[in-house]
Protein chains: 2
Amino acid sequence: MLKRKITLKHIARELGVSISTVSKALKNSEEISRDTKEKIQAFAKLYNYKPNNIAISLKNKSTKNIAVIIPDIVHHFFTTVFHGIEKIANEKGYNVIICVSDESFDKEVINMEILANGSVDGFIMSLSSETQLKNDYNHLKELTEQGIPLVLFDRVTDEVACDKVLINDRDGAYRSVKKLIENGKKRIALVATEDYLSVSKERADGYFQALKEFNIEVKESLILKLPSMSSVEGDAMENFFKNEKVDAVLCVNEIYAIHGMRIAQKLGFNIPQDIEFIGFTDGILSKFSNPTLTAVAQHGEKMGEIAAEMLIEKIESDNEVETYRTEILEPTIIERESTLNA
Amino acid sequence: MLKRKITLKHIARELGVSISTVSKALKNSEEISRDTKEKIQAFAKLYNYKPNNIAISLKNKSTKNIAVIIPDIVHHFFTTVFHGIEKIANEKGYNVIICVSDESFDKEVINMEILANGSVDGFIMSLSSETQLKNDYNHLKELTEQGIPLVLFDRVTDEVACDKVLINDRDGAYRSVKKLIENGKKRIALVATEDYLSVSKERADGYFQALKEFNIEVKESLILKLPSMSSVEGDAMENFFKNEKVDAVLCVNEIYAIHGMRIAQKLGFNIPQDIEFIGFTDGILSKFSNPTLTAVAQHGEKMGEIAAEMLIEKIESDNEVETYRTEILEPTIIERESTLNA
DNA sequence: TTGTAAGCGTTATCAC
DNA sequence: GTGATAACGCTTACAA
């Protein structure tokens with residue numbers, strides 16, 4: 001007994017009225033007599049009529065869908081941002097279509113092209129690392145030229161004029177290192193990824209800034225660059241801790257920090273007495289590691305909420321004036337066991 | 001210089017031909033002369049014409065979208081499943097619309113209703129805990145009655161006839177406990193959530209089965225039930241380890257296990273010599289905890305891939321015969337430092 | 001109070 | 001070879 005989807009046309013035929021009468025009756029229009037309305041509404045309820053969204057989208061030129069393109073869904077930070085986006089989107093009656101670029105330029109472009117043809121009203125995205133490396137933003141420019149709203153978050157670029165939300169990564173790193181210095185540390189290491197990622201560069205800059213401010217010389221040997229976020233394998237880090245005298249470490253992500261702490265412990269160092277650790281992106285590992293990790297919280301959920309609000313505002317405003325804003329969130333340093341706290 | 005979205009109609013008018021000629025020319029139809037085709041195709045390329053997906057959806061009664069409804073996006077396991085779904089969906093030309101029920105029955109129903117009206121071709125979902133508690137599946141039944149394909153994963157129910165993918169949770173728990181027993185352990189604890197979640201119940205059953213098989217008496221005092229997955233707060237667990245003599249623990253999730261290990265360590269126990277730990281859902285914490293956690297891997301990504309394949313197969317097959325299958329994946333026990341290994 | 005018709009953008013059928 | 005027309009499901013002037 002398959003109840004096939006019922007349309008206005010079916011109801012109209014069944015009840016011997018016109019389609020527009022049905023349409024109006026279901027919208028409780030004053031034009032229609034009470035009798036007819038009741039009859040039609042009863043029938044519609046009985047057969048569980050629901051208007052077809054696609055038809056409405058076509059008519060209204062509005063889909064009530066927004067696209068989110070992120071580099072990686074398994075990454076806790078993006079997940080957090082997504083949660084914020086989803087929350088606001090749902091509140092405002094939007095669905096969220098999600099695409100993962102897997103850090104690939106091509107996948108980013110393809111996803112965008114597929115969805116830009118009417119499927120969504122706007123985009124929220126964070127650039128893939130490959131895109132940042134290539135420095136090619138034509139797909140984004142085309143989007144904005146077509147008047148499709150776009151909001152960039154976290155991994156953004158100056159090349160594209162659009163709304164942006166980001167974390168003050170430089171300042172997060174600066175304050176972290178400042179804190180370490182004030183705790184009396186002198187040989188502060190930085191564990192980073194290759195620096196084509198905008199955020200990684202910003203964090204390194206904050207590190208430099210703090211050292212400079214306190215007249216501590218930057219030693220290249222205290223900066224460890226690891227190829228990719230996931231590759232904590234190999235013994236680059238172990239060698240680093242064996243060869244360098246280090247009394248504090250700032251890591252650009254949790255994994256590096258957790259891994260670094262284990263190695264330091266294995267080598268007999270006490271945390272935080274001998275070496276302090278601070279790691280970016282306050283995720284699940286920071287809370288549950290042993291010792292727990294002092295972390296720079298990125299406020300991903302808040303970021304997602306702001307991005308969604310910005311986007312929906314653009315979607316729903318009809319003024320053609322192109323005015324963009326960039327919102328910068330301040331990170332928070334969450335003090336835990338891996339640092340000496342006042 | 002906003003390049004507004006261009007349609008067949010614009011091209012036709014601009015080139016002085018009919019809409020259908022344009023449509024055919026862009027599809028490289030044999031009917032159209034080479035000259036006309038070239039002219040039209042060139043023009044279309046110049047103005048970056050892309051067919052409107054919404055119009056095509058309306059025409060074809062197919063959206064190439066699938067909906068995924070999960071209880072929680074920040075949860076690593078669901079994220080993993082989602083990754084598998086996304087991968088297959090993209091390969092087969094589908095977009096993924098994601099909704100989060102936040103473990104709420106109402107949100108689950110609402111999300112479903114919004115999307116069931118033409119926005120998507122089918123659903124993949126895992127039941128919210130509230131839905132399992134209420135035991136009310138009318139929204140799912142209505143869906144299938146309307147002929148909309150549905151695949152359930154992980155948290156499923158017998159009440160609804162549809163395709164299903166799940167993990168043999170019972171067996172994962174059974175094998176875990178068997179392993180602990182074979183390691184010589186006698187006082188094996190179970191740390192679980194309230195058991196209205198289908199998976200939690202299954203895991204408890206596996207625990208009982210193993211004990212029974214080895215003639216070990218089930219002691220209620222060795223079973224600790226915690227209210228909710230996130231609430232590891234409070235000292236229920238600490239009291240448990242203080243009051244009960246325990247030599248091994250099976251936890252239904254990572255968080256419980258990591259938390260349990262820290263408490264055990266604080267109380268002076270050695271892991272795994274004094275107490276062994278095994279935790280469900282091999283996530284990021286298991287790999288990076290100290291000691292690393294022996295875990296029951298759920299193969300989330302594989303699960304997602306299978307679910308997506310099942311769904312798309314149903315969407316694209318037109319035979320009306322209703323035949324459903326349930327695929328059961330075997331979990332894998334990943335041995336790490338928290339257990340004694342051969 | 002109800003119905004007709006045009007339109008959203010596309011495709012498919014059938015004339016010319 | 002090309003074009004008119006209907007159709008997908010809905011909304012909304014505008015007639016009747």
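Convention: sequence-line order gives letters A, B, ...; per-chain numbering from 1.
Applying the salt bridge (charged side-chain N to carboxylate O under 4.0 Å, His left out) test to residues at least two apart or on different chains, the pairs with a partner in residues 41-66 of chain B are B/Lys64-B/Glu316. Residue pairs meeting the ring pair (Phe, Tyr, Trp, His ring centres under 6.0 Å) criterion with at least one partner in residues 91-111 of chain A, sequence neighbours excluded, are A/Phe105-A/His139. Among residues at least two apart or in separate chains, there is no ring pair (Phe, Tyr, Trp, His ring centres under 6.0 Å) pair with a member in residues 4-27 of chain A.
Once rounded to the nearest 0.5 Å, the distance linking OG1 of B/Thr63 with CG of A/Asn65 reads 10.0 Å. B/Ser126 OG to B/Ile70 CD1: the interatomic distance, rounded to the nearest 0.5 Å, is 8.5 Å. To the nearest 0.5 Å, the span separating CD1 on A/Ile124 from CD1 on A/Ile97 amounts to 12.5 Å.
Nucleotides of DNA chain C lying under 4.0 Å from heavy atoms of chain B occupy a range whose first and last members, 5' to 3', are C/dC8 to C/dC14. Taking every nucleotide of DNA chain D with any atom under 4.0 Å from a non-hydrogen atom of chain B, the first and last of them, 5' to 3', are D/dG1 to D/dG9.
Side-chain contact annotation: A/Ser128 with A/Glu108, donor-acceptor N/O pair under 3.5 Å present.
Of all the heavy atoms in B/Gln146 and A/Asn48, the pair that sits closest is OE1-ND2, 3.6 Å.
Residue B/Asn135 qualifies as enclosed at atom CG: its count of foreign heavy atoms under 6.0 Å is above 12.
Aromatic ring centres of B/Phe43 and B/Tyr47: separated by under 6.0 Å.
Contacts with DNA chain D (heavy atom under 4.0 Å) in residues 7-24 of chain A: A/Thr7, A/Leu8, A/Lys9, A/Ile19, A/Ser20, A/Ser23, A/Lys24, listed by number. Within residues 55-66 of chain A, the residues that have a heavy atom under 4.0 Å from DNA chain D are, in order of number, A/Ala55, A/Ile56, A/Lys59. Contacts between residues 29-44 of chain A and DNA chain D, defined by a heavy-atom separation under 4.0 Å, are absent.
The closest donor-acceptor contact from the side chain of A/Ser62 to the backbone of A/Ser57 lies at 3.5 Å or more, if one exists at all. The main-chain N or O of B/Asp72 is never found under 3.5 Å from a side-chain atom of B/Glu103 such that the two would form a donor-acceptor pair.
Taking the side chain to side chain contact (heavy atoms under 4.5 Å, CB included) definition, one finds that B/Asn28 meets it with B/Lys37, B/Gln41, sequence neighbours left out. By the side chain to side chain contact (heavy atoms under 4.5 Å, CB included) test, B/Thr21 pairs with B/Val17, B/Ser18, B/Ile32, B/Thr36, B/Ile40, sequence neighbours left out. The side chain to side chain contact (heavy atoms under 4.5 Å, CB included) search around A/Glu313 returns A/Arg325, not counting sequence neighbours.
Among the candidates B/His83, B/Lys87, B/His299, the single residue satisfying the side chain to side chain donor-acceptor pair (under 3.5 Å) test with B/Glu305 is B/Lys87.
The end-to-end axis angle of the helix from C/dT1-D/dA16 to C/dC16-D/dG1, rounded to 10 degrees and based on five pairs per end, is 60°.
Salt-bridge formation is not detected for the pair B/Glu145/B/Lys141: no Lys NZ or Arg NE/NH1/NH2 atom is positioned less than 4.0 Å from an Asp or Glu carboxylate oxygen.
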